[in-house]
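Sharing a structure here in structure tokens format.
This structure is a prediction, so every number in the text was calculated from the model and none was measured.
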Amino acid sequence: MCGRYSLTTPVESVARLFGFDERPNLAARYNIAPTQNALIVRGCVDGGGVEGVSIRWGLTPPWAKSLDEGVPMINARAETVREKPAFRAAYEARRCLAPSDGFYEWRKT
């Protein structure tokens, strides 16, 4: 994933697309940054269906004592995500989708 993204599609449309009933109170966002709350779609905790929830964007590695320790991890390489200690457990057990309709890649000019 990139460093910033946008989600301007109404939550109701995202809910219809993925089939969840919850309606997190989120307005259109054009500049979602790491550590901000964002909409994700994940499997329900009870094992049935999917849910849309608002969560803090960023991975806190298992060895961190708090959310504020260090720089939040936001990117993993698809080729190595299964092997890297920071991402391994999350990849195996806590996958989700981060709906977006745009992203930003910064360039030095």
Side-chain angles (χ1 to χ4, degrees):
M1 199 169 212
C2 55
R4 303 277 173 118
Y5 71 100
S6 65
L7 179 58
T8 58
T9 304
V11 173
E12 293 77 24
S13 297
V14 176
R16 273 196 311 274
L17 179 64
F18 291 104
F20 60 85
D21 295 326
E22 303 81 14
R23 299 289 192 272
N25 187 15
L26 295 171
R29 310 242 328 262
Y30 295 89
N31 189 10
I32 302 170
T35 72
Q36 292 181 341
N37 281 357
L39 176 68
I40 63 152
V41 179
R42 67 181 180 193
C44 289
V45 179
D46 64 11
V50 296
E51 62 183 351
V53 295
S54 177
I55 60 134
R56 178 182 183 268
W57 176 20
L59 176 74
T60 302
W63 56 84
K65 293 178 177 49
S66 73
L67 291 176
D68 300 323
E69 188 174 301
V71 177
M73 299 175 142
I74 60 166
N75 290 323
R77 292 187 179 272
E79 301 85 15
T80 59
V81 70
R82 287 184 176 150
E83 292 88 35
K84 297 293 181 183
F87 296 103
R88 187 175 33 231
Y91 175 79
E92 292 297 326
R94 296 184 307 274
R95 296 186 197 192
C96 68
L97 297 173
S100 68
D101 46 28
F103 65 91
Y104 301 91
E105 289 293 339
W106 304 111
R107 292 188 208 179
K108 293 182 180 182
T109 57

Would a hydrophobic clustering, with Ile, Leu, Val, Met, Phe, Trp and Tyr connected at side-chain separations under 4.5 Å, put V41 with I55?
no

In one Ile/Leu/Val/Met/Phe/Trp/Tyr side-chain cluster, 4.5 Å: V53, L59:
no

Kindly determine whether F87 and T80 satisfy side-chain contact (heavy atoms from CB on, under 4.5 Å), including the steps that lead there.
CA-CA 9 Å; F87 296 103; T80 59; over 6 Å; no

Main-chain N/O of A33 paired with Q36 side-chain donor or acceptor, under 3.5 Å
yes

CH2 of W57 to OH of Y5, rounded to nearest 0.5 Å, is 6.0 Å

Do R42 and E51 meet the salt-bridge criterion of a basic N to acidic O distance under 4.0 Å?
yes

Which distance, rounded to the nearest 0.5 Å, do you find between the CD1 of I32 and the OH of Y104?
9.0 Å

Could you give the distance from CZ (R29) to CG (D101), rounded to the nearest 0.5 Å?
12.0 Å

How about N31 and S6: does a side-chain donor come under 3.5 Å of a side-chain acceptor?
no

Please tell me whether V14 and F103 are part of a single hydrophobic cluster in this structure, the criterion being side-chain heavy atoms less than 4.5 Å apart.
yes

Partners meeting side-chain contact (heavy atoms from CB on, under 4.5 Å) with L26 (sequence neighbours left out):
V11, P24, L39, S54

Does R94 qualify as a cation-pi partner of Y91, given the criterion of NZ or CZ under 6.0 Å from the six-membered ring centre and within 45 degrees of its axis?
no

